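The structure displayed is predicted, hence computed values, not measured ones.
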Amino acid sequence: MTRTWLVLAAIAGTAALAPSAHAEGYLILNGGVLFPMGDADWKDVVDPSANLAVRGGSSRRVARGARVGFEAGLEYAPLSTELDSALVQVDFNRYRVIFGARYEQLVARGLLLSLRGGLGISHLRIEASALGQSESDSDTGVALDLAAGLWFAAGSTLLGLELGLPFGFHSDDNNDNNDAAVDFRTTELALSAGVRFQL
């Protein structure tokens, strides 16, 4: 079911981002670190972790030095966790598909300010193994992403730094004992660097 959602999201994003006559396409590669914050349950389980992202879209000029664009992004975070030990090996990963908008403003020659926000899908998967036995679980929720960045011209590309607040809203109601669903929120402070290519 999750794979079906991801495929449908990718198809919808591709159609929505098809370039128009006055739009310019772009591709962004991001890499950085996530610092868990907010929800105590989340902070107690997850340590600072790496995060990788690919974003693409198209933008058009709306005013002098200002552009607005629509974009889609794919993110992958191999989450570090304190649950991992010498006896128990834990593989914890998060996948996100985000659709959103980006505003860009030229603030000085060769310097661009960007603001972006989006909604999408957040999928968590954890697998634990010990003594030859393994167990796995997963949950899919709603993702919210907010970020601001500064981009510097470097020839035909842009190099940037971004500060973001990614949120995830999950409800784990897969239980066999008819217990109440466990609701939790994931929140991080995300620091990343990126390269933007004009298409």
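For the salt bridge (Lys or Arg N to Asp or Glu O under 4.0 Å) test, residues two or more places apart in sequence or in another chain that qualify with R67 are E24. Under the side chain to side chain contact (heavy atoms under 4.5 Å, CB included) criterion, L119 pairs with L144, sequence neighbours left out. Contacts of L163 classified as side chain to side chain contact (heavy atoms under 4.5 Å, CB included), with partners at least two apart in sequence or in another chain: L189, L191. Residues satisfying the side chain to side chain contact (heavy atoms under 4.5 Å, CB included) test with A66, not counting sequence neighbours, are V62, A63, Y103, Q105. Remark: V46 engages P36, W42, S49, L79, F92 in a side chain to side chain contact (heavy atoms under 4.5 Å, CB included) (not counting sequence neighbours). For the side-chain hydrogen bond (donor to acceptor under 3.5 Å, both in side chains) test, residues two or more places apart in sequence or in another chain that qualify with S122 are H170. Partners of Y76 according to the ring pair (Phe, Tyr, Trp, His ring centres under 6.0 Å) rule, which considers only residues two or more places apart in sequence or in another chain, are Y95. Looking at residues two or more places apart in sequence or on another chain, you find a side-chain hydrogen bond (donor to acceptor under 3.5 Å, both in side chains) between E75 and R55, R96.
Considering every non-hydrogen atom in both A50 and P78, the closest pair reads O-CD, 3.5 Å. Closest approach of L52 and G31 over heavy atoms only: CD2-CA, 4.1 Å. The two residues G117 and L146 make their nearest non-hydrogen contact at CA-CD2, 4.1 Å.
Pairs passing the salt bridge (charged side-chain N to carboxylate O under 4.0 Å, His left out) check and including a residue from residues 119-136, sequence neighbours excluded, do not occur. Residue pairs meeting the salt bridge (charged side-chain N to carboxylate O under 4.0 Å, His left out) criterion with at least one member in residues 186-199, sequence neighbours excluded: R94-E188, E104-R196. The list of salt bridge (charged side-chain N to carboxylate O under 4.0 Å, His left out) pairs with a residue in residues 106-119, not counting sequence neighbours, reads R116-D145, R116-E162.
Between the side chain of T186 and the main chain of G168, a donor-acceptor pair closer than 3.5 Å is present.
Expressed to the nearest 0.5 Å, how far OG1 of T187 lies from CZ of F169 amounts to 6.5 Å. Atom-to-atom distance recorded for S192:OG and L29:CG is 11.5 Å, nearest 0.5 angstrom. To the nearest 0.5 Å, the span separating OG1 on T81 from CG on D44 amounts to 10.5 Å.
Tracing side-chain contacts under 4.5 Å through hydrophobic residues (I, L, V, M, F, W, Y), one never reaches L199 starting from L74; they form parts of separate clusters. Residues V33 and L165 share a single hydrophobic cluster, defined by chaining ILVMFWY side chains whose heavy atoms lie under 4.5 Å apart. Cluster membership check: L124 shares its hydrophobic cluster with V88, using side-chain heavy-atom separations under 4.5 Å among Ile, Leu, Val, Met, Phe, Trp and Tyr. A continuous path of hydrophobic side-chain contacts links V195 to V54 [ILVMFWY only; heavy atoms under 4.5 Å]. Hydrophobic clustering (ILVMFWY, side-chain heavy atoms < 4.5 Å, transitive): V107 and F152 are in one cluster.
Residues L150 and L113 are in side-chain contact: their nearest non-hydrogen atoms beyond the backbone lie under 4.5 Å apart. Using a 4.5 Å heavy-atom threshold, the side chains of S114 and R102 count as touching. Two residues are said to be in side-chain contact when any heavy atoms from C-beta on lie closer than 4.5 Å; I126 and D137 meet this criterion. Side-chain contact between H123 and S138: present, with at least one pair of heavy atoms (C-beta onward) separated by less than 4.5 Å.
Taking Ile, Leu, Val, Met, Phe, Trp and Tyr as members and joining any whose side-chain heavy atoms lie under 4.5 Å apart, directly or through other members, the hydrophobic cluster of I28 also contains Y26, L106, L112, W151, L158.
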